[in-house]
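Report on one structure; see the data block that follows.
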Amino acid sequence: MNPPDLPSLRPLPQRERLALFSMLGDVEGSSVIDLFAGSGILAFEFLSRGASTATAVELDHRLCRFMKEQAKKWNLPLRVVCRDVFQYLKQPVQADYIFAGPPNNKGLVSKTIDMLSVLHYNGIVIIQHSVREPLPSNVDVLRSTGKDESIVDIVKLVLR
């Protein structure tokens with residue numbers, strides 16, 4: 001994959017993807033939504049491991065075009081939604097997994113978790129964040145990997 005060279009793009013490194021899928025186990029037949037998808041690497045990884053559906057939500061039109069081209073090239077059923085994540089989350093979402101890798105240190109981790117809580121999402125949330133942007137208190141961390149600027153936590157929301 002050769003995505004557009006954008007300073008904001010920070011694909012999850014292969015080592016952390018391997019650790020993540022080792023923790024998740026079998027994802028065959030599952031559905032995933034990749035928020036702040038960037039290059040879509042996580043959505044593509046889910047599909048390559050047997051997920052039945054994947055939706056990538058990304059605002060940057062260059063990255064949306066790239067993901068659509070890659071999906072066509074690899075004949076993978078990736079649905080690309082070129083839209084602001086928070087506009088997308090104003091509608092109910094259904095998926096076994098939601099991955100969110102928002103830009104670091106902008107308060108978007110808490111905002112994303114809050115939006116998912118409002119929707120009463122009860123699936124598994126996988127969130128990539130910086131150690132300087134800790135998770136809010138309304139999550140139970142099930143598993144964790146990574147360090148510093150790229151921590152990946154598998155969490156369940158504590159719905160109130």
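Computed from a predicted model, the values in this text were never measured in an experiment.
Within the 3.5 Å criterion, the main-chain N or O of V125 finds no donor-acceptor partner in the side chain of K156. Under a 3.5 Å cut-off, the side chain of Y121 and the backbone N or O of A95 do form a donor-acceptor pair. Looking at T145, its side chain never comes within 3.5 Å of a backbone N or O of V152 through a donor-acceptor pair. No donor-acceptor pair closer than 3.5 Å links the side chain of E28 to the backbone N or O of G50. With hydrogens and angles disregarded, no donor-acceptor distance shorter than 3.5 Å links the side chain of S22 to the backbone of L18.
Across all non-hydrogen atoms, the minimal contact from L89 to L119 is O-CD1, 3.2 Å. The two atoms that bring A71 and L78 nearest to each other are CB-CB, 3.9 Å, heavy atoms only. Contact record, F66 with S39: CE2-O, 3.7 Å, taken as the closest heavy-atom pair. N138 and S117 make their closest contact through ND2-OG, 3.0 Å (heavy atoms, listed as atom of the first residue, atom of the second, distance).
With contacts defined as side-chain heavy-atom distances shorter than 4.5 Å, the pair F36/T112 qualifies. Residues E58 and R83 have side chains not in contact (no heavy-atom distance under 4.5 Å, counting atoms from C-beta outward).
Among residues at least two apart or in separate chains, ring-ring contact (aromatic ring centres under 6.0 Å, His included) pairs with a member in residues 14-33 are F21-F46.
By the ring pair (Phe, Tyr, Trp, His ring centres under 6.0 Å) test, Y88 pairs with no residue at all, sequence neighbours left out. For D96, the side-chain hydrogen bond (donor to acceptor under 3.5 Å, both in side chains) test picks out S31, with sequence neighbours left out.
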